Each structure stands twice: as structure tokens, then as C-alpha cells.
Asker: 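Before we start, here is the structure in question, set down as C-alpha cells.
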Amino acid sequence: MVGFEIVAPDNNNLIERKAASPTVSIELASPDGKILFAKKAPLDAWTWAVRAGENRAFVYGREEPATYFDAAPKTEYTLTLTVFEPDQKQSKYMVSLMAKSGGWK
């Protein structure tokens with residue numbers, strides 16, 4: 001699964017309200033150039049997994065188009081991230097692009 005980890009300043013509950021909403025796209029391609037998934041939308045339209053009491057969220061595409069795939073061993077993929085509309089008013093958040101394997105919850 002590919003998504004974003006968003007960390008808010010301590011004691012900031014804006015994550016629970018999906019306050020960060022830049023428009024982004026991520027696209028994953030196989031070695032032969034086949035697009036495995038492509039998603040473009042404001043982050044507040046993605047799925048937000050937030051554990052109670054934490055100031056972080058994992059944001060990913062759960063609904064179509066989803067942002068997960070089955071990786072083949074020893075295979076290299078190309079992941080492209082594009083930020084179309086930054087959300088500069090929310091610059092207090094730290095955001096990391098992440099790939100997680102099964103059992104991350």
C-alpha cells in the first residue's frame with residue numbers, strides 16, 4: 001500500500017478533521033511501464049487511518065482507484081508523486097510518502 005504519513009504538531013486534532021488537503025497524484029508503474037495504479041485527488045478525499053489519541057495519520061487510496069498492489073519479489077517499480085495544488089496554510093504538518101506491506105494496522 002502506498003500513501004502518506006501526516007504528522008501534526010503535538011496536541012493538534014486537525015488530523016481528525018482531514019485538515020491537510022493539497023491536490024496530489026501518485027502513479028505506480030511496473031518495470032515494463034504498465035500503470036498499476038494512478039490516483040489524483042485532494043488528500044481530504046483519500047482514506048485517513050487515524051489511531052485514537054495520536055497526532056499522525058496514514059492517508060491512502062482505499063476506494064477506486066486504490067493505492068495498493070501485490071509486489072513481485074526482486075522487482076523494481078517506478079513511483080511518481082506530483083503535487084498539483086499545495087496547501088501552504090497547513091505547512092505545520094510533516095508529510096512523508098510511504099509504502100507499507102501487509103499487516104501495517
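Any value given below was found using the heavy atoms of this structure, including those in side chains, with hydrogens, waters and symmetry copies removed. Note that the coordinates shown come from a computational prediction; the quantities given were computed from them, not determined experimentally.
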Asker: Using the side-chain hydrogen bond (donor to acceptor under 3.5 Å, both in side chains) rule, collect all pairs that involve residues 26-41, keeping only residues at least two apart or in two chains.
Answerer: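 Found S30-D32.
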
Asker: Testing the basics here: between P65 and A38, what is the closest heavy-atom pair and its distance to 0.1 Å?
Answerer: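 Shortest heavy-atom separation between P65 and A38 comes out as CG-O, 3.2 Å.
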
Asker: Which donor-acceptor pairs under 3.5 Å do side chains of residues 76-84 form with protein atoms, sequence neighbours excluded?
Answerer:
residue, atom, partner, partner atom, Å
Y77, OH, A72, N, 2.8

Asker: Starting from L97, can I reach L43 by hopping between I/L/V/M/F/W/Y residues whose side chains sit under 4.5 Å apart?
Answerer: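 Same cluster.
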
Asker: Would a distance-only check, ignoring hydrogens and angles, find a side-chain to backbone donor-acceptor pair under 3.5 Å from S96 to E5?
Answerer: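 No, the answer is negative, given that no donor and acceptor are paired below the 3.5 Å cut-off.
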
Asker: Would you say Y68 has more than 12 foreign heavy atoms packed within less than 6.0 Å of its OH?
Answerer: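 Open.
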
Asker: At what distance, to the nearest 0.5 angstrom, does NZ of K100 lie from OG1 of T67?
Answerer: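 Between K100 NZ and T67 OG1, I get 11.5 Å after rounding to 0.5 Å.
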
Asker: Taking a hydrophobic cluster as the set of Ile, Leu, Val, Met, Phe, Trp and Tyr residues connected by side-chain heavy atoms closer than 4.5 Å, whether directly or through intermediates, do L28 and I35 fall within one such cluster?
Answerer: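 No; I35 is not reachable from L28 via cluster members.
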
Asker: Locate the shortest heavy-atom distance separating F37 from A66; write the atom from each residue and the value.
Answerer: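 Reported closest heavy-atom pair: CB-O, 3.3 Å.
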
Asker: What distance do W46 atom CH2 and I26 atom CD1 have between them, rounded to the nearest 0.5 Å?
Answerer: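 If I round to the nearest 0.5 Å, the distance is 4.0 Å.
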
Asker: Which atom names give the shortest non-hydrogen contact between V2 and Y60, and what distance separates them?
Answerer: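 Result for this residue pair: O-CB, 3.7 Å.
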
Asker: Would you name the heavy atoms of A41 and A45 that are closest together and state the gap between them?
Answerer: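 Closest approach of A41 to A45: CB-CB, 4.4 Å.
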
Asker: Could you grab the distance from atom CZ of F4 to atom CZ of F58, nearest 0.5 Å is fine?
Answerer: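 Those atoms lie 9.0 Å apart.
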
